[in-house]
Amino acid sequence: PEHSSVLDTEARMHMEDSSVVLDVEMMNTPKCTFMNQETCEGMDIFQPIYGYGSKGRQCTKEFKICYRGWSCHMRCDGDLVLDPTSGKCVPKNAMEYDFC
């Protein structure tokens, strides 16, 4: 886009190979919230979401992303997992330390 900011570019990098999580209880609407401003200035662009259980604190497929004023719950596609160091969805065997 013509007015793409550094924040937008960073968010797009995190969103590669992932999809917005759909809320089944809300007729499969995307789990996104508008933050009442057009940008994500001053907000966390990327935040991993960790679950519970033996690997829940180390391995995750889910994260929150802020993109153009929207905060969305994202999930890595297919068998990919989130590499918290790079902030990208990668194959499990591509992670430097195999937490999963």
Side-chain angles (χ1 to χ4, degrees):
E2 131 187 7
H3 296 292
S4 184
S5 72
V6 172
L7 295 176
D8 289 348
T9 302
E10 181 183 345
R12 276 196 298 276
M13 181 269 304
H14 292 302
M15 291 188 291
E16 283 180 24
D17 299 316
S18 69
S19 304
V20 175
V21 174
L22 301 179
D23 189 341
V24 179
E25 295 177 6
M26 297 291 289
M27 297 175 59
N28 286 336
T29 55
K31 283 192 174 183
C32 293
T33 305
F34 187 63
M35 307 306 288
N36 292 320
Q37 60 186 46
E38 295 297 318
T39 70
C40 295
E41 201 70 48
M43 296 181 202
D44 288 332
I45 297 298
F46 167 78
Q47 181 179 11
I49 299 173
Y50 293 100
Y52 303 98
S54 62
K55 296 187 178 189
R57 294 192 167 274
Q58 300 169 324
C59 183
T60 187
K61 293 175 65 76
E62 299 185 4
F63 59 96
K64 278 192 175 181
I65 196 81
C66 188
Y67 183 69
R68 297 195 171 191
W70 288 89
S71 175
C72 292
H73 189 144
M74 306 292 292
R75 181 178 293 131
C76 293
D77 294 335
D79 290 336
L80 301 178
V81 295
L82 182 65
D83 177 357
T85 305
S86 69
K88 292 183 176 185
C89 295
V90 299
K92 286 182 187 180
N93 60 4
M95 290 182 58
E96 186 175 340
Y97 302 102
D98 188 15
F99 294 119
C100 300

#### Entry: Heavy-atom pair with the smallest gap, counting every atom of V24 and N28
CA-OD1, 3.5 Å

### Query
Looking at P48 and F63, what are the two nearest heavy atoms and their distance?
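The pair with the smallest heavy-atom distance is CA-CB, 3.9 Å.
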
### Task
Decide whether D77 and S19 meet the rule of one side-chain donor and one side-chain acceptor closer than 3.5 Å.
yes

### Query
Same cluster or not: are L80 and I65 linked, directly or through other Ile, Leu, Val, Met, Phe, Trp or Tyr residues, by side-chain heavy atoms under 4.5 angstrom apart?
no

### Query
Between C59 and V81, is a side chain to side chain contact (heavy atoms under 4.5 Å, CB included) present by the stated rule, with each step listed?
CA-CA 7 Å; C59 183; V81 295; 4.3 Å; yes

From [X] atom [atom1] to [Y] atom [atom2], the distance as rounded to the nearest 0.5 Å:
{"X": "C89", "Y": "L82", "atom1": "SG", "atom2": "CG", "value": "5.5 Å"}
{"X": "K61", "Y": "S18", "atom1": "NZ", "atom2": "OG", "value": "10.5 Å"}
{"X": "Q47", "Y": "S71", "atom1": "CD", "atom2": "OG", "value": "8.0 Å"}
{"X": "I49", "Y": "M74", "atom1": "CD1", "atom2": "CE", "value": "10.5 Å"}

4.5 Å side-chain heavy-atom contact, [X] and [Y]:
{"X": "D79", "Y": "P91", "result": "no"}
{"X": "M13", "Y": "K88", "result": "yes"}
{"X": "Y67", "Y": "M15", "result": "yes"}

### Query
K31 pairs by side chain to side chain contact (heavy atoms under 4.5 Å, CB included) with which of M26, H73, R75?
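Testing K31 for a side chain to side chain contact (heavy atoms under 4.5 Å, CB included) against M26, H73, R75 leaves exactly one candidate, H73.
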
### Task
Would you kindly say whether the two SG atoms, from C40 and from C66, are closer than 2.5 Å?
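Looking at C66 and C40, their sulfur gamma atoms lie closer than 2.5 Å, so the answer is yes.
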
### Query
Within the distance-only criterion (no hydrogens, no angle test), does the side chain of H14 pair as donor or acceptor with the backbone N or O of F46 below 3.5 angstrom?
no

